[in-house]
Amino acid sequence: MKKILIIISSFFITLEVLADQPKDWQLGFQNPASDGMRDIVNFHNNLLLPIIIAISVFVLFLMLYACVRFRASANPNPSKRTHNVTVEILWTLIPCLILIVMAVPSFKILYKQDTIPKADLTIKAIGYQWYWGYEYPDENIIFDSYMVEEKDLRADQPRLLAVDNEVVVPVGKVIKVLITANDVLHAWALPSFGVKRDAVPGRINETWFKAEKEGTYYGQCSELCGIKHAFMPITVKVVSEEDYQEWLSEARIKFAKEEIENDKLKLASK
Ligand SMILES: [Cu+2]
């Protein structure tokens, strides 16, 4: 008994530690690390799940009841009834009401995701076959982010999720993400922040998140984009403001975006 308790509690403890990435045999969502994701998890756990369970139990009960109550052996002369107005009105109205009850909070969350507050930092994510490119437009930073091959993984890096150049953002700041693609459809998704947006060539989608705690968060491309779709993960490192500034000063040199010198264009404009 004690052993079982230890196993169960260790399961919950590991869940807590690896809050920001998927784990073996996981059920349900990753732990939320932003307000938006907390809303989504609450909506799912406290409203959708109870409704789904109640409906399933009710339908199961109806089926069992009908099987027993109207079985052939107890009803030698079967009923010929085809209509019942009351029942028909009820089974139309009640599902409508259930849908409304689900729709109202759902739209609330949707609109909250859609309204981007004043951004402290803007980053641009560009999907390529098969890696992500990132830009910090205000800092003149540009870099590519490739998955780390299994043989090159460090001990602390999860398989198929770690990348060579992580996106680094400060904690507690509104991060606006501009998302686009260069070749085919991709999707930039980060479950802990409740973020998922299609990356469409020739179009820029926007989303935002505000990370509440420092840590490393993992996501994956979420739009089937070709043979290596599974191998273009997303890694976002949330750090303190000081660490972010430190990273910035290094990144400004390491990932400096070269100004395009186009003399022909200059001549033409003269
Ligand atoms: Cu992709």
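These numbers were taken from a predicted model, which means no experiment stands behind them. Atoms within each ligand, like the ligands themselves, are counted from 1 in listed order.
Between the Asn75 side chain and the Arg71 main chain, a donor and an acceptor come within less than 3.5 Å of each other. Although no hydrogens or angles enter the test, the distance criterion places a donor-acceptor pair under 3.5 Å between the side chain of Ser34 and the main chain of Phe193.
A salt bridge is defined here as a Lys NZ or Arg NE, NH1 or NH2 lying under 4.0 Å from an Asp or Glu carboxylate O, and Asp35 with Lys210 fails to meet this definition.
Taking the six-membered ring for Trp and thresholds of 30 and 60 degrees, Phe143 and Tyr134 have ring planes inclined between 30 and 60 degrees apart.
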Query raised in the report: Does the pair Lys173 and Glu241 meet the rule for a salt bridge (Lys or Arg N to Asp or Glu O under 4.0 Å), with working shown?
Result: CA-CA 9 Å; Lys173 293 281 167 69; Glu241 182 63 38; 2.7 Å; yes

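The environment of Leu60 atom CG is dense: over 12 non-hydrogen atoms of other residues, nucleotides or ligands sit within 6.0 angstrom.
Excluding waters, the count of protein N/O/S atoms less than 2.8 Å from the Cu ion (ligand 1) comes to 4.
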